[in-house]
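Below is one structure, written out as structure tokens, with a few remarks after it.
First the proteins, then the strands, lettered A, B, ... as listed; each starts at 1. Here the structure is a predicted model, which is why all the values come from computation and not from measurement.
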Amino acid sequence: MHSTLSRQLTPSQREAVFHVDGPLLVLAGPGSGKTRVITHRIAALIEAGVSPYNICAITFTNKAAEEMRLRAAALGASAGAHISTFHSLCVRILRRYADRVGINTNFSVYDDADQNRCIKQAVKDCEFDTTNFPPSRMLDAISTLKNKLIDAESFKADADDFFSRTLAEIYLGYERILSERNGLDFDDLLMKAAFLLRDCPDVCGELGNRFKFLLIDEYQDTNHAQYALARALVSQHNNICATGDPDQSIYRWRGADIRNILAFESDWPDAKVVRLEENFRSTATILAAADHLIAFNRNRKDKVLIPTQAEGQAVRITAFEDEKTETKAIAQQVKELAVGGALLRDMAVFYRVNSQSRAIEEAFIKEKIPYQIVRGVEFYRRKEIRDVLAYLKILVNPLDEIALLRIINTPARGIGKTTIDRVRAYAAHNGVSFLEAVRKSDGISSLSKAPKAKLAVFANMLEQFKKDLAGKVAPLAERVFNESGLADSLRAAGAEGQSALENVNELINGAADYDQHADQPSLVDYLHQISLFSDVDVYDAASDRVALMTLHAAKGLEFGHVFIAGVEEGLLPHERSGAAENDDELEEERRLFFVGITRAKMGLYVSFARYRTIRGQSLRTIPSQFLFELGVDFTEQVEQDEYNEDDTSRPGPDLKPGQLVRHDIFGLGRVKKYTDMGENSVAVVRFNSGQTKTLMLKYANLSKVGM
DNA sequence: CATAGCCGCCTTTTT
DNA sequence: GGCGGCTATG
């Protein structure tokens, strides 16, 4: 009976696919056919008589969910299985059980810009100085707490030092502001849903009964809140299947806890564990480099990558003078490959930080190479898009003060700061919402006649829009855009208004697309969906263009030829990652590189620039230590590109951690770490100025002090 | 009340 | 090298 499904599967894949009851952990290396296993498993469950309605598969991005739906359908697995991300699932749960959580179903999902405004307000409200308590830091800390399921009250109860107590106050204030506005941030979606399941056994029972089989992909990147959700959902039936690879855990900074996957077997003692170690994606050569690199991670379970492909071409590591030469060479290599018959859509360029994309883009434009930058959220950050969405948000959620503030005078309609302040003061004083105060502006004594009239016109306009609230989104969006005056103000703005107009048109087209495909289109649902958009969601694998994306976005994808640019100390590993001080962070950066490398099927082109322009300044760089960990001898390849400069390379002194050293510019410091790589030896030095630098000894003039 | 211009912070990665 | 926020000016 398994015949059709199992035909293209290896024995271990089959083992995972046809394990029906009880907990299952699939430890899947890169390129091991993990996605296929999951989709086949969904189909196998259905074939075994499980109703699709009882299956819930969790993916990392909406894009991955969409793809999985398609693949499952292709296997004949009838529609009905719930396939989405943790965040989307939580939105659904929260909407369904809103009354149990004490929120309104029309809640706004606050993105980081909205969060910033709220946290600033909260810090101000607490009368703390924003220099001592930087809002972004506070937000980070709050996010970490939420990911750990620590709410403001319980955090405050345990706060026993000055910083914690201050943070607790800010956290409480931030939560108050969000709830006043009927807003939830990304972390809230998970936390509130997890609390709901924890505190309401009946809800937990209902959902557990609904989702009798839970499959979670990329389990190595789940955080505590997601873990708690998963545990609660499967508490009755234990039918959990987690797939992942500890070596590909790259979201530690946002709360992902690698221990979740490492502890799976003790969490579910009767778990069956299947290892998928064969790699069907990459050449043996690429795999060897990946293997060699990741072996440098000490905090890791040993694992082998078993190649099934031939050796293929060598991994290329090339040094370039600066990022312009680097990106130009990438563009030329792309052209060469294209001439040789490779498809543009089968090539990708990865980088550590988004700012690197500009140089690549410029090179590609110059060489007339079609490309796509995989950065979906950027679109929704544009001013004109945010403006239109703010109108829609306030219609759905009248408490969304941020949205209202954004549009009350956009486009300019003569409602200035003073007026706004007076209305807000009235609202605060009378305990009504900002919008309510706008509606009642006629009765606000501090306002004179002209502002009152303008506010009335504005309030009336919103009322008119509200009449169209039910039904399709695109027509309403179009109407709002035209009648709000936004369209006119953009048309009046000349050339740059033109591109803004086009963007809004794209937004409306997107909304129309949503209207067509959604089961039950509604504005709330639409807004919720787009707020959960991820970068890769715009990636169009079908269009024949080279993909440009960050290493993080590359997770889960594969390409024939992969370029990884800017593999330099400070960039990969990134200096702000804390890799110089903390081995765990260094290992995460290494995993990031590992993820990038293992995306490549045939060609891997790694490069670094010896000078890189950072904030307008050309700075000397050092090749990444990771380059030396690939087991690829790249000195010769480097030499070809004229690696001879006026630098007199000097053999580094033999340094040991703790050694006191002096540097011409940075002064005195102490060696924290020394990596002996011959003439390329690198030392991490913490200077007395407080800064920590990674220095390549042949360039940095370090001298030993004392001893 | 609108606008222009300046200052400061920023840039790691993202659902 | 860019954006957001603030201030001074009209």
(message) What's Ser531(A) touching, base or sugar-phosphate or nothing? Going by heavy atoms closer than 4.0 Å.
(response) nothing
(message) What's Asp535(A) touching, base or sugar-phosphate or nothing? Going by heavy atoms closer than 4.0 Å.
(response) sugar-phosphate
(request) Determine, for Tyr611(A) and Arg620(A), whether the Lys NZ or Arg CZ falls below 6.0 Å from the six-membered ring centre while staying within 45 degrees of the axis. (result) yes
(message) Checking contacts here: which listed nucleotide (dT11(B), dT14(B), dT13(B)) is nearest the side-chain heavy atoms of Arg576(A)?
(response) dT11(B)
(message) For the base of dT14(B) and the side-chain ring of Tyr251(A), does the geometry meet a stacking cutoff of under 5.5 Å between centres and under 30° between planes?
(response) no
(request) Compare the minimum distances between each of dT11(B), dT14(B), dG2(C) and the side chain of Ser355(A), then state the nucleotide with the smallest one. (result) dT11(B)
(request) Scan Asn354(A) against the nucleic acid and name what it touches under 4.0 Å (heavy atoms): base, sugar-phosphate only, or nothing. (result) sugar-phosphate
(request) Determine whether the side chains of Thr410(A) and Asp387(A) contain a donor N or O and an acceptor N or O closer than 3.5 Å. (result) no
(request) For Thr419(A), answer base if it contacts any base atom (sugar-phosphate contacts may also be present), sugar-phosphate if it contacts only those atoms, and nothing otherwise; contact means non-hydrogen atoms under 4.0 Å. (result) sugar-phosphate
(message) The side chain of Ala412(A) is closest to which nucleotide in this list: dG2(C), dC1(B), dA2(B)?
(response) dA2(B)
(request) Run through Glu587(A), Glu588(A), Glu585(A) and flag the one making a side chain to side chain donor-acceptor pair (under 3.5 Å) with Arg252(A). (result) Glu585(A)
(message) Using the side-chain heavy atoms of Thr550(A), tell me which of these nucleotides is nearest: dT14(B), dT12(B), dT15(B).
(response) dT14(B)
(message) Check Glu323(A) with Arg358(A), please: is the shortest side-chain N to carboxylate O separation under 4.0 Å?
(response) no
(message) The side chain of Val377(A) is closest to which nucleotide in this list: dT13(B), dT12(B), dT15(B)?
(response) dT15(B)
(request) Name the closest nucleotide to the Ser534(A) side chain, picking from dT14(B), dT13(B), dT15(B). (result) dT15(B)
(request) Let me know the distance between NZ of Lys417(A) and C1' of dT3(B), rounded to the nearest Å. (result) 16 Å
(request) Report the nucleotide, chosen from dT15(B), dG5(C), dT13(B), that has the shortest atom-to-atom distance to any side-chain atom of Lys120(A). (result) dG5(C)
(message) I'd like to check, for His552(A), whether its ring lies over the base of dT13(B) with centroids under 5.5 Å apart and a plane angle smaller than 30°.
(response) no
(message) Considering every strand and a 4.0 Å limit on heavy-atom distances, what is the contact class for Asn409(A): base, sugar-phosphate, or nothing?
(response) sugar-phosphate
(message) For Lys328(A), I'd like to know if atom NZ has over 12 heavy atoms of other residues, nucleotides or ligands within 6.0 Å.
(response) no
